[in-house]
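The structure under discussion appears below in the form of structure tokens.
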Amino acid sequence: MTEPEPAATASADGASAGVSISGLHKSYGDNEVLKGISMTVRPGEVVCLIGASGSGKSTLLRCVNRLEDPNAGTITVGSFETTHPDVDLDAMRRHIGMVFQQFNLFPHLSVLENCTITPRRVLKQATSEAEAEAMVQLRRVGLEDFAQRRPDQLSGGQQQRVAIARALTMRPQLMLFDEPTSALDPETVGDVLAIMRQLAEAGMTMLVVTHEMGFAREVADRVVFMDKGLVVEEGPAADVIGNPQQPRTQDFLRRVLNPTGVDLEA
Ligand SMILES: Nc1ncnc2c1ncn2[C@@H]1O[C@H](COP(=O)(O)OP(=O)(O)OP(=O)(O)O)[C@@H](O)[C@H]1O
């Protein structure tokens with residue numbers, strides 16, 4: 001299969017790819033987790049996926065870069081049809097950075113080595129070239145002075161910032177974030193969200209699964225609310241979070257924004 005240049009718009013890093021998802025179904029055995037999802041992320045746009053635990057958000061994200069194989073439907077990222085049986089998965093994944101809840105850094109490697117290993121192995125970059133790029137990205141996340149440390153010498157928030165820098169060394173056209181702050185101490189969450197905000201402002205296309213409603217409200221161009229494998233409501237954050245129309249969205253937000261049920265107005 002040939003690889004035409006991905007459709008892209010200019011961004012601070014060169015290019016941003018859009019995502020188009022159509023009629024996506026995914027089951028694990030008898031459990032139908034995605035029941036026909038269609039949505040788009042335009043180049044340079046930030047879309048936050050919100051929804052209750054188990055609604056299928058991670059599964060959707062993992063289908064985008066084919067960590068999961070959907071049962072039906074199509075997904076395109078730029079000009080890559082990621083669901084095509086003949087798609088070159090390695091070539092496709094070079095364009096897609098992914099940041100997980102757990103940072104998945106190699107514990108025995110330095111921060112710098114964690115950021116150079118993939119460009120050296122996959123892009124066959126010389127060590128000097130890979131290190132120069134890694135330092136650019138570590139500077140971007142404010143960790144250039146930590147390059148020689150091992151992950152266990154960093155806080156959770158710092159480790160997540162390394163994971164973001166590591167993804168950026170591949171100069172991706174799309175970044176997928178799966179609850180990137182859920183495993184962090186509260187005081188480090190803001191640092192990670194600030195980096196994500198900078199990326200958004202630089203024009204990176206981002207699809208973000210998050211429970212951070214403040215981030216979604218302030219940074220997302222659009223918010224998609226999922227429930228039980230379906231998109232229930234989507235639109236600008238001010239609408240979906242600020243003035244939800246669907247009862248299921250209203251219930252979810254009531255639980256998330258005021259989990260104790262205490263009447264805060266009283
Ligand atoms: N590898 C798997 N094998 C079997 N079932 C799975 C697998 N991954 C997810 N599931 C199931 O799919 C459903 C959706 O899970 P998913 O992680 O996509 O939801 P989510 O909305 O991201 O939830 P959370 O917010 O808790 O991460 C759940 O019922 C889950 O148990």
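Just so you know, ligand 1 is whichever comes first in the structure, and atom 1 is the first atom listed for that ligand.
Near ligand 1, heavy-atom contacts under 4.0 Å come from Y28, N31, V33, A52, S53, G54, S55, G56, K57, S58, T59, E179, H211.
In summary, E129 and R120 do not engage in a salt bridge, as defined by a charged side-chain N under 4.0 Å from a carboxylate O. Salt-bridge check for R197 with E218: passed, with a basic side-chain N closer than 4.0 Å to an acidic carboxylate O. Between D251 and R248 there is no salt bridge, since no side-chain N of the basic residue sits under 4.0 Å from a carboxylate O of the acidic one.
A donor atom on one side chain and an acceptor atom on the other are not found under 3.5 Å apart for Q250 and Q246.
For residues 173-196, the set of pairs meeting the salt bridge (Lys or Arg N to Asp or Glu O under 4.0 Å) definition, not counting sequence neighbours, comprises R161-D191.
To the nearest 0.5 Å, atoms CG (D88) and OG1 (T82) are separated by 12.5 Å.
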